[in-house]
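The structure appears below as structure tokens.
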Amino acid sequence: MTAHSFRAMEMSQIELGYLHESEAIAAQGLTYLETLFTSDATKDVQLGLYNHLGKVYPSLEVSNNAVYYYNKALKLSLNKSDSLMLSIT
């Protein structure tokens, strides 16, 4: 499985309304990314997964986790346009 596979899977799960499953896949993806060398591609996927968790957790009524993951996404943002897209993507 590739890092991008986790992004595709979590997005499809959220579209189907499977919030808990989507959260679990995103967490697995982040764990997987920790085993890889850091590159721009892995940072992009990691940023997307953090952003996704930031969007999912309020729906799961875990607001503290949402803020935590949004902040992690902000730290990975390379420029202002990245940070502006966080809540949209």
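Index from 1, following the sequence.
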Pairwise distance OH(Y18) to CD1(I25) - rounded to 0.5 angstrom: 11.5 Å
Shortest non-hydrogen separation from Y50 to A73 and the atoms involved: CB-CB, 3.8 Å
field: Between OG on residue S12 and CZ on residue R7, distance to nearest 0.5 Å
entry: 11.0 Å
query: Is a donor on one side and an acceptor on the other found under 3.5 Å between the side chain of T35 and the backbone of T31?
result: no
- prompt: Should we say atom OH of Y32 is surrounded by more than 12 heavy atoms from elsewhere, each under 6.0 Å from it?
  reply: yes
query: Which value, rounded to the nearest 0.5 Å, describes the distance between E21 atom CD and E23 atom CD?
result: 9.5 Å
Rounded distance (nearest 0.5 Å) linking atom CG of L30 with atom NE2 of H52: 10.0 Å
query: So how far is it from N51 CG to Q46 CD, rounded to the nearest 0.5 Å?
result: 12.5 Å
message: Quick check on the hydrophobic clustering: are L47 and M11 connected, directly or via other members, by side-chain heavy-atom contacts under 4.5 Å?
response: no
query: What is the distance from atom CG of L49 to atom CD of Q28, rounded to the nearest 0.5 Å?
result: 11.0 Å
- request: Write down the atom of A66, the atom of P58, and the distance for their closest heavy-atom approach.
  value: CB-CD, 3.5 Å
task: Please check if the side chain of S22 supplies one atom and the backbone of E10 the other of a donor-acceptor pair under 3.5 Å.
output: yes
field: Heavy-atom donor-acceptor pair, N71 side chain to V67 backbone, under 3.5 Å
entry: yes
task: Write down the atom of T38, the atom of K43, and the distance for their closest heavy-atom approach.
output: CG2-CE, 3.4 Å
task: Compute the ring centroids of Y57 and Y69, then answer whether they are less than 6.0 Å apart.
output: yes
message: Quick check: do L53 and N65 have side-chain heavy atoms less than 4.5 Å from each other?
response: no
